[in-house]
Every structure is written in C-alpha cells, then in structure tokens.
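Inspection log for the structure reproduced underneath, given as structure tokens.
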Amino acid sequence: MKRKLLVCCLTFLTTQLFAVNVGDSLVQPSKKEFFVLKLNGGVSLLTSRVEVGDDTYSFQPGMEYMLECERLEESETGVGKGWGLVFKGNKTFINGANKFNLYHFGINRIWWNSFGKNNRWRWEAAVGGGVCLYKDNTESYGYYRTYLNQSTSIGVGILLKAGCEYRITNHFGLGLEMNDFLHLFFDDAMKAQREKTLLTGFATTSLTLGLRCYL
C-alpha cells in the first residue's frame, strides 16, 4: 500500500514538472518597457495653398516646437512598438511677421528598432491623431491706431513622422525628426475657405532637432 502511494506521488510530481516545463517553453519572449521624453525644435514649411480672407498662403516658412512623452516596449523577435503623447506648436510667418499659430495635442502609435554598435542608434516611425487649434493674427488700421484682431478655430490633427536618434549615455541622447501635420477645421469661421479649396486644412512639414531623456 505504501509502495503504491509512493509511486502515485512520484507520478503526480513528474507530470506536474513536465507540465511546468512545457508551459515555460510556450511563454512569449519577455518584453522590457521604458519611457522617452523628447524636446524638439526646428523649422517648418506651410505646404498647402490656403485662403483666409483676402490673403493666400502657400510655401511659407515658420518655426515649430514639440514636447513628447513615449512609452516603448522592446521585442526580442523584431520591431518594438509603443504609444506616445505629443504637444506641438507652430508659428507661420507671412512677409516676416507671425501671421498665424497652429497647436496640436494628440496620441501616436509608434514603431521602432535599435541598431549599430551597442544598439546606440534607434530609428522610429509613428502615426497619430488629436485635437488642433488655429489662431489667426490680423491687423486692421483705424484713424489713430492699429488694431490686432484674433480668430480661433478648433479641429482635428493628423500626424506622420519618422526620425533617428543616437543614445549618448544611458539616460540622454540627441535626435532628428521629420514631421508632417495635417490640420482640419470644420466650423463656420472656415466656411469660405472650404468653399474655395474643398478641404479646410493646413498642411505643414517640419525638420526638428532635440534632446532625449531615457527613463
């Protein structure tokens, strides 16, 4: 009786160990998560032809700044993925003056991978969407003074971007990015523009350089 009980116990333990080993072999590769903070600034170009009031804007220069926070996930089997939050501000200049501002706040889906010696280089691509804000600065002239009129519109923003960065230390790096933004507006303030262009929007392209902080 004792021998049979001992055999049963050993059989049970053996099957459990075998099940654990098989289960471990089926577990997906472990993934390591980390965060990246980005602070970028650079030059931009208004690539769309836009009519607002009596003025027509196209291929006008500007300045752009971006603040991003990314949560990235490593993958042992290929390209890593992640999510990010981005805030962008853009100032477009007409005849040397700041004519209008564009702001964007949204979320991005990110794909990335490391390469080079010690994996210090990293490429990244992302697509995203969010809420954007348009602010127009228009001057009008009175008999004694000049008036500054401001109009605002809220719309939808779409982002496509790609970049490359170099990790200088374990916590800091430098990066270069190309960003394409499309800002779409649908309110009454842009009705005249919609009738002329069929697409109420501002398309901008920017090249930015910035700092990276790895957490």
Side-chain angles (χ1 to χ4, degrees), residues 31-48 50 57 60-75 79-93 98-115 120-136 152-187 190 199-215:
K31 298 179 180 180
K32 179 182 177 182
E33 298 176 350
F34 64 99
F35 291 85
V36 182
L37 297 179
K38 298 182 177 182
L39 180 61
N40 293 328
V43 295
S44 67
L45 185 68
L46 177 69
T47 57
S48 58
V50 179
Y57 308 142
Q60 297 297 317
M63 298 177 58
E64 191 163 285
Y65 53 91
M66 298 175 63
L67 178 63
E68 301 176 69
C69 178
E70 298 179 347
R71 176 182 174 270
L72 302 179
E73 195 172 73
E74 291 182 350
S75 174
V79 176
K81 298 179 182 180
W83 296 92
L85 295 175
V86 58
F87 172 78
K88 184 266 304 191
N90 180 282
K91 295 179 179 290
T92 297
F93 300 97
N98 176 211
K99 190 65 175 180
F100 59 84
N101 299 335
L102 294 166
Y103 302 96
H104 173 96
F105 179 77
I107 186 170
N108 301 333
R109 183 54 167 165
I110 304 166
W111 295 266
W112 67 277
N113 204 354
S114 298
F115 63 96
R120 288 193 174 274
W121 288 94
R122 186 172 73 89
W123 66 262
E124 180 179 294
V127 59
V131 178
C132 58
L133 174 68
Y134 166 85
K135 294 186 66 175
D136 185 12
T152 61
S153 295
I154 298 177
V156 177
I158 302 172
L159 164 65
L160 294 173
K161 72 168 188 169
C164 186
E165 62 188 48
Y166 180 74
R167 193 166 188 158
I168 301 174
T169 69
N170 290 336
H171 298 289
F172 296 98
L174 292 175
L176 185 69
E177 288 185 349
M178 176 72 75
N179 308 285
D180 287 327
F181 281 93
L182 179 60
H183 313 79
L184 303 175
F185 302 94
F186 309 99
D187 57 1
M190 297 289 183
L199 178 65
T200 309
F202 298 84
T204 60
T205 297
S206 66
L207 183 66
T208 59
L209 176 68
L211 298 174
R212 307 289 183 265
C213 181
Y214 306 100
L215 306 175

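Keep in mind it's a predicted model, so treat the numbers as computed, not measured.
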### Message
Could you work out, with side-chain contact (heavy atoms from CB on, under 4.5 Å) as the rule, every residue matching Leu209, not counting sequence neighbours?
### Response
Leu176
### Query
Hey, are the side chains of Glu74 and Trp112 touching, using non-hydrogen atoms and a 4.5 Å cut-off?
yes
### Message
Are the side chains of Phe181 and His104 in contact, using a 4.5 Å heavy-atom criterion?
### Response
yes
### Query
Taking all atoms of both residues into account, what is the closest heavy-atom pair of Val79 and Trp111, and its distance?
CG1-CB, 4.1 Å
### Query
Side chains of Glu165 and Arg212: does their closest heavy-atom pair fall under 4.5 Å?
yes
### Query
To the nearest 0.5 Å, what is the distance between CZ (Phe202) and CG (Leu102)?
6.0 Å
### Summary
Tightest non-hydrogen contact, residues Ile168 and Arg120, listed as O-NH1, 3.3 Å
#### Entry: NZ-CG distance between Lys161 and Asn108, expressed to the nearest 0.5 angstrom
5.5 Å
### Query
Taking the side chain as C-beta and beyond, is there a heavy-atom pair between Cys213 and Phe172 under 4.5 Å?
yes
#### Entry: Closest non-hydrogen atom pair between Ser75 and Gly80, with its separation
CB-CA, 4.3 Å
### Task
Rounded to the nearest 0.5 Å, what's the gap from NE2 on His183 to CG on Leu46? Could you check?
10.0 Å
### Task
Answer with yes or no whether the side chains of Ser206 and Glu64 bring together a donor and an acceptor at under 3.5 Å.
yes
### Query
What distance separates Leu215 CG from Cys69 SG, expressed to the nearest 0.5 Å?
8.0 Å
### Message
For Pro61 versus Leu45, what's the shortest heavy-atom pair and its separation?
### Response
N-CD1, 4.2 Å
#### Entry: Derivation and outcome, side-chain contact (heavy atoms from CB on, under 4.5 Å), residues Asn40 and Tyr65
CA-CA 6 Å; Asn40 293 328; Tyr65 53 91; over 6 Å; no
#### Entry: Heavy atoms of other groups near Ile154 CD1, more than 12 under 6.0 Å
no
### Task
Look at Lys38 together with Glu124 and state whether they make a salt bridge at an N to O cut-off of under 4.0 Å.
yes
### For the student: nearest non-hydrogen atoms of Tyr214 and Asn170, plus distance
CB-O, 3.8 Å
### Message
Is the shortest side-chain heavy-atom distance between Phe115 and Cys164 below 4.5 Å?
### Response
yes
### Query
Do the non-hydrogen side-chain atoms of Thr208 and Asn179 ever get within less than 4.5 Å of each other?
yes
### Query
Can you tell if the side chain of Phe93 reaches within under 4.5 Å of the side chain of Met63, non-hydrogen atoms only?
yes
### Query
How many angstroms lie between OH in Tyr134 and OH in Tyr103, if you round to the nearest 0.5 Å?
12.0 Å
### Summary
dist Cys132:SG -> Leu159:CG (nearest 0.5 Å) comes out at 11.5 Å
### Message
Assess the residue pair Lys88 and Met66 against the criterion (side-chain contact (heavy atoms from CB on, under 4.5 Å)); give the C-alpha distance rounded to whole Å, side-chain angles, the decisive distance to 0.1 Å, and a yes or no.
### Response
CA-CA 4 Å; Lys88 184 266 304 191; Met66 298 175 63; 3.6 Å; yes
### Task
Taking Arg109 for its side chain and Gly82 for its backbone only, find out whether a donor-acceptor pair lies under 3.5 Å.
yes
### Message
Measuring only between side-chain heavy atoms, which start at C-beta, is Ile110 closer than 4.5 Å to Leu72?
### Response
yes
### Task
Taking only Lys NZ, Arg NE, NH1 and NH2, and the carboxylate oxygens of Asp or Glu, determine whether Arg122 and Glu177 approach each other closer than 4.0 Å.
no
### Task
State whether a side-chain donor-acceptor pair under 3.5 Å links Asn90 with Thr204.
no
### Message
Which residues pass the salt bridge (charged side-chain N to carboxylate O under 4.0 Å, His left out) test with Arg71, not counting sequence neighbours?
### Response
Glu33
